[in-house]
A.B. asks: 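Quick one: structure below, then a few questions.
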Amino acid sequence: MDDEPRLYRPRPRELPTNDERTLLASLNPDQARAVTFGDAPLLVIAGAGTGKTRTLVHRVAFLIERGVAPERILLLTFTRRAAAEMLSRAERLVGPAGARVHGGTFHSVGHRLLRQFGGAAGLPADFTIMDQGDAQDLMQLARGAQGHAKSAKRFPKKETLHYLYSRHVNTELPLDELLHREVPHFLEYEEQITALFADYTLRKQERNLVDYDDLLLFWATMLEASPDLAARIAGLYDHLLVDEYQDTNLLQARILRGMCSTHRRLTVVGDDAQSIYSFRGAHFRNILDFPKQFPGTTLVTLAQNYRSTAAILTLSNTLISRAEERFTKDLWTARDGGEKPWLVTAKDEAQQTRFVVDRVLQMHEGGVPLREMVVLFRAGYMSADLEIELTNRKIPFEKWGGLKFLEAAHVKDVLAFLRVSDNPRDEVSWYRILMLMPGIGDSTARALMASMQERAWDPDAFTHLIAPPRAREAHRSLATLLRQLRGVGAVPAGEEGGARVASDIAAIRALYDAILKEKYDRPEARLADLDQLRTISASYPSRTTFLAALALDPPSSTQDLAGGSESESDALVLSTVHSAKGKEWKAVFLIWAVDGWFPSSRAVEDPDELEEERRLMYVALTRAKDELAIVYPMQVYGTRRGADYSIDQLSRFLDRGVRATMQRIVVEEPGEPPAPTPAPAGQPAIDLRAIMRGRFTK
DNA sequence: TTTTGAAGTCTCTCC
DNA sequence: GACTTCAAAA
């Protein structure tokens, strides 16, 4: 493993061009102060666009320059995208040594440490990671065993149960208080819920399964419960740097305390105005309490924004000034001017889509690469209409966030086969594949699993089970496949590693494709997904690595790219606001700025949630460098019950004062026939300039 | 006991 | 508009 502790030995200089002076030359005094800070806790409050990542990356370079071994630096972030960005920038700045810096999301680092040290804490090394869907399915199995499956009274559903469980773990709130706060109408079930959670925990243990929360919980526990383990784990690193600290929760704070038990070289960076992950148990108080948690903390504040024009910043500052609680100051910029951001009123969704597409093409023709533009929205599904239009017009795009490739049912199906061969006790996957087989339903599946449990999940157990007559056929073909997957008999030469996983998938598909075609109306796209899965699998050394990587670092949707080659293509980015955090674009379009959509109607009841929505919109607006357009359709069809359409209102966050910092744009009706024909392939934008000229009135 | 068809239920954000 | 759950039929 490459996580073995290494000696702290002086290294030859690897930075001929980046001595400390050039390293600091590009930084402002506040940034430089943070970068060169010594060996004590450091809290950097850094507003949007103030060079937060830059500061962090330079600090890494500075530490390496000072002789700290790169592999003894740990960079923790919250999202995969941020982790990848941070590490690649470090490498660019520092050179090859930068690639040796350790880092990743809290979950992926936790995973690495568990594989390495879990054995010493009684966790078998070959555990399987469950994603959220799997965890919910396991919760459902436990729920069913308790007999709520068909009870008349309403008992919380598996999603709610899992949410409560996860919240309980991450916020450390006692269960009764949590129920009282989140779901008071379920308070009467407190006892059953407690029992259910105990069963869920037990099932995880028996089945050798680990959920996302466990990756953090076990990490924290190893640090707290065993001084010996704590010393070994904390001893791996001399410096810890944490990005987006406002999105951490109490559990993660515990981990940091444990990791810094032998030293106090901890740097955290964040912005309370961008705290948008409370649904994961994060609270921006965490960043404010940091000095209390780590006495002697030094505070550095970054307030100069280098990203946005003054006009965009005025809008963002005005919007966030309405926040109930606020700790960071307004940002300022040396960039002056800039066009006032647009507030675009569209008649309906179709017109909103047309506006965005036309404007994107217009800017593209003006020389802005597609990749420099982004369309942002509150939730993944809100871009559906836009995606269709972009596909029709052959404009390449890439979607971030929203439904993931491996959350698709057919992908999970195939993975389930791999997972039972990887971990024969994986009950969730067993249930899944058994239910796929013709002639096997819920009760047969449960009975078969019970028999296997009696045989201690012996890998051969399934073959020797006696299936009910109508499931004979299914049982036999499944048993044959599983034997094949377990590699009974010789592994063909040259089929170690990735080729092995790919051939496993081929074997699975020999059985599964027929089932898939039966199950879905239009199987083509789904079959293509499976091709993709096999391609991806080829780059992983083993089945176990492949499965773990999929859970922690899943590839995004397969239908990302509409036209254009997959690799270096210039593509418009569509993203949820959450997934866009930390990034910046020349031009930003925020769509669906409709009250009830953004803020989400689920959030308007609760003041705290509403405040979080406001911060979320702040995050969206501060992504823009030069141009910003907020779009909202006035009529929304078919969303409210009882009416064909409803007249919706502009988001409440864009009040009169905020609107005063914007300019209103009205999209004109297009000509009589409502443009049903997509542009012909090849040259989509040929006549657009003419159309565009007449479309906007200021 | 499984399958199939119909009614019902919410819609998010991420690891 | 997709997916789950429920009820009746095979």
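We name chains A, B, ... by the order of the sequence lines, and we start the count at 1 in each one. Heavy-atom basis, side chains included; hydrogens, waters and symmetry copies ignored.
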A.B. asks: With a cut-off of 6.0 Å (strictly less than), are more than 12 heavy atoms of other residues, nucleotides or ligands near CD of A/E172?
C.D. replies: yes

A.B. asks: Using whole Å, report how far CD of A/Q136 lies from P of C/dT5.
C.D. replies: 11 Å

A.B. asks: Could you check whether A/P438 gets within reach of a base, just the sugar-phosphate, or nothing at all, counting any heavy atom under 4.0 Å?
C.D. replies: sugar-phosphate

A.B. asks: Without decimals, in angstroms, what is the distance between A/H410 NE2 and C/dC3 P?
C.D. replies: 10 Å

A.B. asks: Rounded to whole angstrom units, what separation is found between the CD atom of A/Q132 and the P atom of B/dC14?
C.D. replies: 10 Å

A.B. asks: Rounded to the Å, how far apart are A/Y163 OH and B/dC12 P?
C.D. replies: 14 Å

A.B. asks: Taking A/D426 as the fixed residue, which of A/R203, A/R419, A/K204, A/R432 is the one that meets the salt bridge (Lys or Arg N to Asp or Glu O under 4.0 Å) rule?
C.D. replies: A/R419

A.B. asks: Heavy atoms under 4.0 Å, any strand shown: does A/I440 hit a base, just sugar-phosphate, or nothing?
C.D. replies: sugar-phosphate

A.B. asks: Among B/dC14, C/dT5, B/dC15, find the nucleotide with the atom closest to the side chain of A/K158.
C.D. replies: C/dT5

A.B. asks: Got A/Y632 and A/S651 here, is their nearest side-chain heavy-atom distance under 4.5 Å?
C.D. replies: no

A.B. asks: As a check on the pairing definition, encode DNA chain B in dot-bracket form, counting Watson-Crick and G-U wobble pairs whose two distances are under 3.5 Å, and using | for partners outside this strand.
C.D. replies: |||||||||......

A.B. asks: To the nearest Å, give me how far apart CG (A/L448) and P (B/dT1) are.
C.D. replies: 13 Å

A.B. asks: Under 30°, 30 to 60°, or over 60°: which ring-plane class applies to A/H111 and A/F127, parallel, tilted or perpendicular?
C.D. replies: perpendicular

A.B. asks: Given B/dC10, C/dT5, B/dT11, which nucleotide is nearest the side-chain atoms of A/R602?
C.D. replies: B/dT11

A.B. asks: At under 4.0 Å, does any side-chain N or O of A/S579 touch on OP1 or OP2 of B/dT13?
C.D. replies: no

A.B. asks: Please verify the inter-ring angle class for A/W597 with A/Y381; under 30° counts as parallel, over 60° as perpendicular, anything in between as tilted.
C.D. replies: tilted

A.B. asks: Specify the residue among A/G441 and A/R378 whose closest nucleotide of DNA chain B lies further upstream toward the 5′ end.
C.D. replies: A/G441

A.B. asks: Touch check for A/F106, heavy atoms < 4.0 angstrom, all strands: base, sugar-phosphate only, or nothing?
C.D. replies: nothing

A.B. asks: Quick test of your reading: applying salt bridge (charged side-chain N to carboxylate O under 4.0 Å, His left out), list the pairs with at least one residue in residues 271-282 of chain A, sequence neighbours left out, ordered by first then second residue.
C.D. replies: none

A.B. asks: Which label fits A/F546 and A/Y540: parallel for a plane angle under 30°, tilted from 30 to 60°, or perpendicular past 60°?
C.D. replies: tilted

A.B. asks: Would you indicate which nucleotide in B/dC15, B/dT13, C/dT5 comes nearest to any side-chain atom of A/T79?
C.D. replies: B/dC15

A.B. asks: Using whole Å, report how far CZ of A/R432 lies from P of C/dT4.
C.D. replies: 9 Å

A.B. asks: In whole Å, measure the gap between the C1' atoms of C/dT5 and B/dC12 for me.
C.D. replies: 22 Å

A.B. asks: Separation of A/R615 atom CZ from B/dC12 atom P, in whole Å?
C.D. replies: 21 Å

A.B. asks: Under the 3.5 angstrom rule, does the side chain of A/K399 hit a backbone N or O of A/G380 as a donor-acceptor pair?
C.D. replies: yes

A.B. asks: Can A/F279 be classed as stacking with the base of B/dT13, given a centroid separation cut-off of 5.5 Å and a plane angle cut-off of 30°?
C.D. replies: yes

A.B. asks: Which of the following nucleotides, B/dC15, B/dC14, B/dC12, is nearest to the side chain of A/Y381?
C.D. replies: B/dC12

A.B. asks: Less than 4.0 angstrom between a side-chain N/O of A/T576 and OP1 or OP2 of B/dC12, yes or no?
C.D. replies: no

A.B. asks: Given atom CZ of A/F598 and atom C1' of B/dC12, what is their separation to the nearest angstrom?
C.D. replies: 11 Å

A.B. asks: Counting only side-chain heavy atoms from C-beta out, which of B/dC15, B/dC10, B/dC14 sits nearest to A/K157?
C.D. replies: B/dC10

A.B. asks: Please tell me which of the listed nucleotides, B/dT13, B/dT1, B/dC15, lies nearest to the side chain of A/T105?
C.D. replies: B/dC15

A.B. asks: Start at the 5' end of DNA chain B and walk down; is the nucleotide closest to A/H107 or to A/E609 reached first?
C.D. replies: A/E609

